[in-house]
Amino acid sequence: MAMQTRYEVHVQQDERWSAHAQFKGLQREQAVEEAKQLDSGNVGSVKVIREVYDTVEGTHRKYIIYESQDTSASDGETDHTALGADGGG
């Protein structure tokens with residue numbers, strides 16, 4: 001089973017989430033540290049999502065591994081299944 005992992009730091013401003021930064025699979029600590037720094041600044045809410053892509057099955061799984069205390073995003077795993085490597089469905 002071939003897995004690819006990456007981390008995305010998302011920020012919420014004006015009730016809209018957007019990707020702020022992306023980190024490779026071995027950069028979990030850097031992603032969380034980036035989120036914590038943003039969280040202590042003037043940014044709205046912050047979260048870090050770990051995305052795991054199974055290249056054999058063509059599936060994505062996303063896990064929230066860090067979020068601001070005031071974040072109202074759902075906890076835990078969100079599952080996004082794609083039909084191909086391009087993510088199309």
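Scope of the values below: all heavy atoms of this structure, side chains included, with no hydrogens, waters or symmetry mates. FYI, the numbering just counts along the sequence from 1.
Atom CG in D54 sits 10.0 Å away from atom NE2 in H60 (nearest 0.5 Å). In this structure, I65 CD1 and K47 NZ are separated by 12.5 Å, a value rounded to the nearest 0.5 Å. Summarising the geometry, atom CZ belonging to R61 is positioned 12.5 Å from atom OG1 belonging to T5; distances are rounded to the nearest 0.5 Å. Taking CD from E34 and CD from Q22, the interatomic distance works out to 12.5 Å, rounded to the nearest 0.5 Å. Going from atom OH of Y66 over to atom CD of E33 covers 9.0 Å, rounded to the nearest 0.5 Å.
Taking the side chain as every heavy atom from C-beta outward, E8 and E51 approach each other to under 4.5 Å. Between R6 and Y53 the shortest side-chain heavy-atom distance does not fall below 4.5 Å.
Scanning both residues, A31 and F23, for their nearest heavy atoms gives CB-CD1, 3.5 Å. Residues H10 and W17 share a closest heavy-atom pair of O-CZ3, 3.6 Å. Taking each heavy atom of V32 and V48 in turn, the nearest pair found is CA-CG2, 4.2 Å. Contact between V46 and A35 at its shortest, heavy atoms only, is CG1-CB, 3.4 Å. Here the shortest heavy-atom pairing between Q13 and V43 reads NE2-CA, 4.2 Å. Minimum interatomic distance between R50 and V52 (heavy atoms only, all atoms of both residues): NH1-CG2, 3.6 Å.
Under a 3.5 Å cut-off, the side chain of T55 and the backbone N or O of A2 do form a donor-acceptor pair.
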